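Below you'll find the structure, written out as structure tokens, and then a few comments.
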Amino acid sequence: MVLSLFLVTAVASFTLATIYNLTAEPIAQAREAKRQFAISQVVPEFDRLESRNFLPPDGGDSLEFNFAYKNNELVGIAVNTWTNRGYSGRITAMVGFNTDGTIIDVVHLQHAETPGLGDKIEKGKSDWSDQFRGIDPETTAIRVKKDNGDIDAITAATITARAYCDAVQRAYDTFASHVLSQTKQDGGPAL
Amino acid sequence: MKQWRNFTKGFIKDNPVFILLLGLCPALGVTTSAFNGFGMGLATTFVLLGSNTVVSIIKNVIPNKVRIPSFIVIIASFVTIVQLTMEAYMPELFDALGLFIPLIVVNCLVMGRAEAFGSKNNIGSSIVDAMGMGLGFTLALTMLGGVREILGAYSIFGIQLIPGVTDGMLVFVLAPGAFIGMGYLIILFNYLKKKTA
Amino acid sequence: MNILTVSGSPHVYTEESVSKIMYGVVLSLIPAALVSFYFFGLAAIMVTITAVASCMFFEYIIQRYLIKGPVTIFDGSAVITGVLLAFIVPANLPLWMVVIGSLVSIGMAKMTFGGLGKNVFNPALVGRVFLMISFPVEMNMYPKPTSFSTQLTDIVTGPTPLAMVKEGVAQGEKVSDILPEIPEYANLLMGNMGGSVGEISAIAIILGGIYMLIKKYITWEIPAAYIGSVFVLAGILWLIDPTYYVDPFFHLITGGLMLGAIYMATDMVTSPMSRWGMIVYGIGCGFLTIVIRVFGAYPEGVAFAILIMNAFVPLINRGFKPKRFGEEVKNG
Amino acid sequence: MKTFKSGGVHPPENKISQSAAIEVLPVPETVTIPISQHLGVPANPVVKKGDSVKAGQLIAKGEAFISANVHASVSGTVQKIDEVADSSGYRKKAIVIKVEGDEWEEGIDLSKDLVKDITLSPKEIVTRINEKGIVGMGGATFPSHVKMMVPEGKKADYLIINGVECEPYLTSDHRLMLEKAEEMLVGIRIQMRALGVEKAIIGIENNKPDAIEHIRSLLSDYPGISVEPLKVKYPQGAEKQLIKALLNREVPSGKLPIEVGCVVHNVGTSVAVYEAAQKNKPLVERVVTVTGKGLKSPSNFLVRIGTPVSALIEAAGGIPEDTGKLVNGGPMMGKALTDINTPVTKGTSGILLFPEQEAHRKPVHNCIRCGRCAGICPMGLEPYLLAVLAGNKKFEDCEDENIMDCMECGSCLYICPSGRPLLDQIRTGKSEVGKIMRARHK
Amino acid sequence: MFSIFARITTQESKTHDFFHSLTKQKQVNEITLISVISLGSLGTIAAIILYMVAQKFKVIEDPRIDIVEEKLPGANCGGCGYAGCRALAEEIVRKESLDGINCPPGGNEVMAEIATALGLETTEQEPTIAVVRCSGSKENAPPKVKYEGDMTCAFSHSLFSGEGGCPSGCLGYGDCVASCDFDAMYMNDVTGLPIVKENCVSCGACVKACPRNIIEIRKRGKKDRRIFVSCINVEKGGVARKNCKVACIGCGKCVKECKFDAIIFENNLAYIDFNKCTLCRKCPPVCPTNAIHELNFPPKKPRPENKTEPAKAE
Amino acid sequence: MEYFAIVIGAIFVNNIVLAQFLGICPYMGVSAKVSTSVGMSGAVLFVMTLATIVTFLIYNYVLVPFNITYLQTISYILVISSLVQMVEIILKKVSPELYQALGIFLPLITTNCAIMGVALLTVQNEFNLMQGVVFAISHAAGFALAIILFAGIREHLDLMDLPKAMRGAPAALIVAGILALAFMGFAGLV
Ligand SMILES: Cc1cc2nc3c(=O)[nH]c(=O)nc-3n(C[C@H](O)[C@H](O)[C@H](O)COP(=O)(O)O)c2cc1C
Ligand SMILES: Cc1cc2nc3c(=O)[nH]c(=O)nc-3n(C[C@H](O)[C@H](O)[C@H](O)COP(=O)(O)O)c2cc1C
Ligand SMILES: Cc1cc2nc3c(=O)[nH]c(=O)nc-3n(C[C@H](O)[C@H](O)[C@H](O)COP(=O)(O)O)c2cc1C
Ligand SMILES: Cc1cc2nc3c(=O)[nH]c(=O)nc-3n(C[C@H](O)[C@H](O)[C@H](O)CO)c2cc1C
Ligand code: SF4
Ligand code: SF4
Ligand code: SF4
Ligand code: SF4
Ligand code: FES
């Protein structure tokens, strides 16, 4: 009895291990493709990526900075940022910066906001997030208008909009403290 | 003929979701759109098919005492296969179905069929049964997903029905809509069952 | 001599009947309706008429063609459901949404269970919550009260007092800074505030409530327990920190509390039977209302609170029985 | 003013015959005397067809413990002993006597003189009551001698006399208290002696102020007896509610009044006890109210048992054209008659005629769960629940919900705005639960 | 199989990688090894634990429970209304019958297997059917009073003798119809009497439901032919006749007519014993009130429909 | 405060049945009577807590160290099912009363999404053991709340004669739907 159960589990696990090995790479590829796709949406065309992690100034998990190079020239920085102030849990997003600190574009990565309400942050669902394109966080307040900012909220989903602003702001703050400051000191683009 | 009836009974007469009320969790949980329902249905069908077949092959070799654990292992293996392949080749759908993929393993439908049918019948009938039930399940999930998508987002399989209008009646995308849609579809299927009987 | 009738005792019956009670309640709603017609104008009238007509229409269709039973649309209960549904949506809600709300109220919340008296949840509230979740945008735009206007579209909208307080507090503003933007209490009491069609005037609703109490359509337990517990809980919070918690009177006279406590929580079909049951139910409603208003995402919690307590009613009815005669030996 | 606390209703009183003095109804041509006019085992006939009998003669003997003797109410010949339809239309055994003259058994004192001195011992009183076939005249027709025998280990300290007459329309007890007050008071003294109690309270609702006044004026001669006016509320006449109202004692569920030291008798019973003990007269006649809104002259008659109801109605002016319902008893507890020729029995306190438009139940709607029935149930039950449980055949649940506590007062059916047949369903439930309980005891 | 998935997402190119990856990786063996060892030992441990626990804590139970449980799907879905398959098995063994038990995933096949396993099949019995023994239709026994209140036979019966006056007659409020779970009865609107359809399974629910004991389970008879006295009134002939034109008046003619001693006469009422009755059709014509009914016979001189008419005594 | 958020979130805001659709089978199947639903809730509480602890240990001390997290599903289901059966057998012997009250529901739970789901969610949320236990208990409480309320309503509806087409599952689902609507009011509490 014990033997047969052992055999069953052994066969099963052998099969699974095989499948796992077969799929491990495609899975990794799929993940990588997804990441690259997200990055490519917020920075101009690139041929090389370099990633480093920086801690945001207000603490919390570190953000992944993807420096995108084309012909060895830095064309943009895609920052993988997050916020915990979403309506239901964490929202992650990719924010692309020009080297001067203006935002190229923003795209969401993952969220659990209510379909039909909070999911308007998704590019495919609404053009709400297009507002972030090209703004300079130095001069434009990344806050919803209700909070005296410059961003239009999503109707009936202010919480989500607010959270998204928070994520973008976090990306910028980290960017500012780790990258911009350095650029300013060195008088040229970092790295 | 008998095989044909075996195959089609899962569509209406013994529809696993609407008539037998099996596997309600995924039926409610993933059917925010017709496509998600369809994908979940196919994934479940695959597991059903695989486990039913394997169970009917090895039914005579397995001692009775460890029958159930063995079945569980077999089913779980197929679920893991689905999980891994889906993650590799259909990452979007994998994200949308989320938790409910590993939960196929505890879907009463799968376990019940393996036990009730796979362990007692030959391979041929087992496959037919699994296909029938699985497609019935897929049909049900696609229908529920379709209804919820149409009412909740005015679209079907992602195609907008009213250009420019993206917000439907949100409840149908949310939890209450799942229950309510299911409730009324059960009425419809009971009616259809009576009609076709 | 006629053919004799034979029936079990008793052989005399009260004059009271279902339709008398129902139309009595409709009558008592008139002051609140007048106030809302005054402040929200033609729009309010249109919403009310649409809701009543479509509730009766759907009840007729369902009874006639789906259930194939007796048609009882004139017993007044569908009228009340219609009026109350209209009273708890914004006056500028598109009329087709009102029709959907009526369909949900009557078709889903009432007729699914067989019609009058068999439903578990308050139909009008199910309709409202359904609309609220389905159409959050439209259900969140409340017209500003004006004196009678015939305008139907492009009405100026603004947040309700409760929403203003909630939004403000969420931003870290102090209650004392927010309140000045809101009309003073006497004005609120009369109904001069943003809100759903019929909920605005506490005075008119209390008037109707007194009429219903006198006519014995409702008993005092539920409104008293509900309003009382809201007052006490809001009061406790206020005493703890008056900068961020608004004072209890504000909670009583804004939002749908009065309408809810007097007309919706008291719907006999969906409320407990025994006195103590009613009191527990009322306190439960009050507690949930405050929890949702103060800590939840929604500025207003009356509808949800009552619906949730509706679900508790069968359990309350089991737990709180009337005192039986001779249950315990008592010799005076 | 006293009353019982929880529940109760107040239907329109309609006591239209209250000022009509008791008239003696002439003896009819034949009388039909059922052998079962009381609660318990039917009596066994001791006469046969063709026998000639005198008024007051024993014609059927109650042999079981809970049973009662039946006497001829007229003199004449026994025409037949046969199954005769009773008020419900079912056939029960009855003795039909063709009336010849009006001859009474020897030893019965027919004079109107008041005999005040009580000579019988307690034991003799009980025997006399048993012999003379006295049953409760308040409606339940429970054999009175059984109630007089206080069970071992129990002790009565109050005799309660039920002069409440809480039923609308009925006035027979009211007239009796006005016209036979002294007889009643002597009867009460006799009952007190039999029970060995010192105190008796007569409970009377204050819609009969003249009766209260009248009896109070006579009380000085009858020590230990007091009168208590009560607020009008139905069903104050029900014995448990009456005890609660008068003494604030609550008879435990499923128990008898003696549990709290009380015995309850009706005023009519007291008069009958007086006649049995002091005049040796068996229970062969009673006061019956004949009333109804369409009736020409609503009256109170002294009627021989066995007289057909039609004779009473005839004497009250004949049956009105639009009569839709005939009721034996009060409007709240009485039984509808299927046939106008049913005989008057020991329990017939009134005959009530309803015009056609008042003869019908209200149209039935769904229960709107208004809770009124539960609010007014004097027994603290939940009639809507009992009814729906019984309707769904959930009899075990009925039992758990104490359906057997229901005394069938009818308040719930009266009050229901939806016209639910509450008491009908509860009765079905009670009879089924009764079956279940009996089966369990076996 | 995979290609199905692949096609949906139009990622066909990936299938190529799939085969490609088969051939590489040295880590593969390691992971496989770990997997097999750990999962294998997990499974083994699970099996051993279960086995030991089962041995140690064996509770003596009816072995048939195991047999039945074996037949059941083991889905533990609760669809049968019991707490899992074992609970259902226990219930079946306890009740020793399959009445009202259904296992949705298993279906009829499983039920049949269990029946075989437990030897529960009902031994073939002569088929029976419910018969309504009253013809007091609105025409034959016209109402004399009007009843109002709870429209059930049970209460009406407890209240009075019925609108028609016959204390044994059908009250017509259909308690029997309501009690039938097989949709085998309905009320005839014209006569106000219940009618049993041929799909009756003689479960006896209606017999219990009728407060007047009007319904009887009788043999179906050859070709569904039945003869019975459609009356149970025991009152004297005259009394019974006064309320109902088609009552059995206890004249005894049928008793004399019957050659097989099949008719029992008691309390003014004839009763045909279906075990003795040979369906010879001699008695129906002699009944002066046409109280004896014959069902499903080919028409004879007086057509069966005539039976509602009072026959002239020949 | 963190625990408070877990508790409120699990019971009210993200109620396992009404918002997350886990354990619908027992929710529909064992809710005909209040008494059975109480028993079921007890059993779920017990198994859910136990299963979460055991799977937590398996995951963190076997699967992660050996880098075989892809075996999560299969190992969880094995562990949970043998655990439940073990508990059942022991309970039957040791305490027949407790077995009568809870045990009979145990097999029903073996293959139940709620248990598996919570075990998987514990990992997904990266809880530590203590948080996982609180999470499991709160979800069980949420399950209990939903099913007991629902059973009360069903007992009530049992007595109303609903339209024929509605009886049984349809009415139950619509009640569940309205209940879910009502529970949306708790949105934003945490
Ligand atoms: C079921 C449900 C889902 C919700 N989803 C979201 C959401 O995804 N994002 C959000 O910001 N608010 C959400 N809300 C909260 C309300 O819409 C809330 O009123 C709104 O966020 C704040 O109001 P405002 O945007 O109109 O100022 C949700 C509420 C409910 C009941
Ligand atoms: C079986 C039975 C036994 C009774 N025994 C007694 C008794 O011993 N003493 C007594 O005072 N009353 C006894 N009663 C009478 C009741 O207390 C009551 O007076 C009678 O049933 C009529 O009351 P009602 O008209 O309020 O229903 C008995 C009644 C029943 C049915
Ligand atoms: C609902 C109800 C109402 C009653 N009303 C009266 C009443 O008005 N007068 C009365 O004498 N008895 C009434 N009775 C009967 C009493 O309960 C009790 O049986 C009677 O007073 C006992 O006295 P008796 O045995 O001498 O009749 C009523 C009983 C019930 C159940
Ligand atoms: C005092 C009172 C309050 C009522 N409140 C409501 C209500 O809030 N919502 C509603 O739909 N119907 C209400 N009704 C009408 C009726 O009871 C309701 O339609 C039933 O719930 C339908 O079964 C009320 C009726 C009365 C007498
Ligand atoms: S009849 Fe029974 S249930 Fe109804 S009020 Fe009277 S005691 Fe209560
Ligand atoms: S009085 Fe009538 S409507 Fe009211 S709860 Fe009782 S039975 Fe229902
Ligand atoms: S209840 Fe049973 S015996 Fe009666 S008709 Fe229906 S199936 Fe036949
Ligand atoms: S046969 Fe019996 S149960 Fe059926 S309707 Fe007639 S009296 Fe009622
Ligand atoms: S599918 Fe979730 S419990 Fe059955």
Side-chain angles (χ1 to χ4, degrees), chain D residues 80 82-92 323-328 334-342 354 356 358-364 367 383 386-388 390-393 395 398 408 410 412-414 416 419-435, chain E residues 100 136 141-171 173-181 204-213 232-244 247 250 267-269:
Chain D
K80 56 179 177 181
D82 199 3
E83 312 256 295
V84 173
D86 69 358
S87 58
S88 62
Y90 287 114
R91 286 164 187 277
K92 301 277 162 57
T323 303
K325 194 189 242 178
L326 281 179
V327 173
N328 171 359
K335 291 198 70 168
L337 291 176
T338 51
D339 184 2
I340 194 164
N341 290 316
T342 347
F354 282 106
E356 179 66 22
E358 282 181 37
H360 299 291
R361 286 270 178 98
K362 288 198 293 194
V364 181
C367 166
L386 296 175
V388 80
N392 281 286
K393 298 198 163 73
F395 300 117
C398 283
E408 310 189 3
C412 48
L413 204 157
Y414 168 81
C416 177
R420 304 293 309 162
L422 294 168
L423 183 50
D424 298 358
Q425 290 176 315
I426 293 174
R427 281 192 171 122
T428 308
K430 278 181 75 177
S431 78
E432 292 298 322
V433 171
K435 277 184 211 158
Chain E
K144 292 165 194 68
V145 292
K146 181 176 184 326
Y147 169 72
E148 279 176 7
D150 187 23
M151 287 296 173
T152 59
C153 305
F155 179 67
S156 168
H157 171 74
S158 72
L159 187 68
F160 76 125
S161 57
E163 291 188 339
C166 168
S168 320
C170 174
L171 294 157
Y173 306 118
D175 282 15
C176 47
V177 174
S179 76
C180 181
D181 279 338
C206 53
V207 176
K208 280 196 213 101
C210 178
R212 298 205 143 165
N213 266 322
I232 56 164
N233 183 311
V234 295
E235 289 172 322
K236 283 192 202 120
V239 180
R241 187 69 195 266
K242 211 163 73 191
N243 285 324
C244 176
N267 290 331
N268 302 319
L269 178 67

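No experiment lies behind these values; they were computed from the predicted model shown. These numbers come from the heavy atoms of this one structure, side chains and all, not from hydrogens, waters or symmetry mates. Per chain, numbering begins at 1; letters A, B, ... match sequence-line order.
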Highest number of heavy-atom pairs under 4.5 Å with chain D among Gly162(E), Gly149(E), Ala154(E), Pro211(E) belongs to Gly149(E)
Which atom of Cys176(E) lies closest to which atom of Ala209(E), heavy atoms considered: CA-CB, 4.2 Å
For Gly324(D) versus Ala359(D), what's the shortest heavy-atom pair and its separation? C-CB, 3.6 Å
Give, for atom CG of Leu422(D) and atom SG of Cys412(D), the distance between the pair rounded to the nearest 0.5 Å. 5.0 Å
Enumerate the inter-chain donor-acceptor pairs under 3.5 Å for chain E and chain D, one line per pair.
residue   : atom : partner   : partner atom : Å
Glu148(E) : OE1  : Arg361(D) : N            : 2.7
Glu148(E) : OE2  : His360(D) : ND1          : 2.5
Asp150(E) : N    : Asp424(D) : OD2          : 2.9
His157(E) : O    : Tyr90(D)  : OH           : 2.6
His157(E) : ND1  : Tyr90(D)  : OH           : 3.2
Phe160(E) : O    : Tyr90(D)  : OH           : 3.0
Ser161(E) : N    : Ser88(D)  : O            : 2.9
Arg212(E) : NH2  : Tyr90(D)  : OH           : 2.6
Glu235(E) : OE2  : Arg91(D)  : NE           : 2.9

Under 4.5 Å from any heavy atom of chain E - which part of Ala85(D): neither
